[in-house]
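Here is the structure we will look at.
These numbers were taken from a predicted model, which means no experiment stands behind them.
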Amino acid sequence: MTESPTVQITIDITECCASGMCAAIAPEAFAVDAAGYAVVRPDAGRADLDDVVRAARNCPTLCIAVSRSGAEIDLFA
């Protein structure tokens with residue numbers, strides 16, 4: 001059995017505008033804290049990559065970075 005590469009997700013919280021768009025698009029990867037800011041769920045690396053990338057692309061401030069096996073994914077390629 002071959003394991004799929006792990007997805008790493010980071011949020012630049014200083015840029016987050018608390019829209020909640022990421023959590024609405026990919027709730028298995030993102031949540032919002034009590035103040036409304038985005039947080040990455042502990043098991044987010046297992047979330048569907050297409051959903052995570054779509055959430056990152058739709059972030060109003062583009063503060064989400066997504067990497068796979070250590071290489072950053074170009075969100076707009």
Side-chain angles (χ1 to χ4, degrees):
M1 182 166 120
T2 305
E3 250 184 66
S4 61
T6 302
V7 174
Q8 300 85 32
I9 305 163
T10 57
I11 299 172
D12 181 348
I13 198 64
T14 64
E15 295 295 322
C16 181
C17 69
S19 76
M21 184 71 68
C22 56
I25 293 172
E28 66 283 358
F30 301 98
V32 293
D33 65 14
Y37 292 99
V39 294
V40 178
R41 291 189 177 274
D43 289 341
R46 297 183 194 155
D48 182 78
L49 181 59
D50 290 337
D51 289 345
V52 172
V53 168
R54 191 164 49 95
R57 283 181 182 150
N58 284 282
C59 173
T61 60
L62 300 176
C63 69
I64 301 170
V66 183
S67 299
R68 187 174 183 186
S69 298
E72 189 167 348
I73 294 173
D74 183 349
L75 300 174
F76 298 99

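For Arg57, the CZ atom counts as densely surrounded, since its 6.0 Å shell holds more than 12 non-hydrogen atoms of other residues, nucleotides or ligands.
Under the side chain to side chain contact (heavy atoms under 4.5 Å, CB included) criterion, Thr61 pairs with Glu15, Cys17, Cys59, Cys63, not counting sequence neighbours.
The two residues Val66 and Ala56 have their closest heavy-atom pair at CG2-CB, 4.0 Å. Smallest separation of non-hydrogen atoms from Ala38 and Ile11: CB-CD1, 3.6 Å. In terms of heavy-atom proximity, Tyr37 sits nearest to Cys16 at CE2-O, 3.4 Å. Nearest approach of Glu28 to Ala47, heavy atoms of both residues: CG-CB, 3.3 Å. The two residues Arg68 and Gln8 come nearest to each other via the heavy atoms N-OE1, 3.8 Å. Between Ile64 and Ala55, the shortest heavy-atom distance links the atoms CD1-O, 4.3 Å.
With Asp48 contributing its side chain and Asp51 its backbone, the two residues share a donor-acceptor pair below 3.5 Å.
Partner of Val7 under the side chain to side chain contact (heavy atoms under 4.5 Å, CB included) criterion, out of Ile73, Leu49, Val53: Leu49 alone.
If you chain together hydrophobic residues whose side chains sit under 4.5 Å apart, Leu75 and Ile9 fall into the same group.
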- side chain to side chain contact (heavy atoms under 4.5 Å, CB included) assessment of Thr10 paired with Val40: CA-CA 7 Å; Thr10 57; Val40 178; over 6 Å; no
- Query: Can Ile25 and Phe30 be said to form a side chain to side chain contact (heavy atoms under 4.5 Å, CB included), step by step?
  - Reply: CA-CA 9 Å; Ile25 293 172; Phe30 301 98; over 6 Å; no
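Counting Ile, Leu, Val, Met, Phe, Trp and Tyr side chains that sit under 4.5 Å apart, directly or through other members, Val32 stands alone, with no cluster partners.
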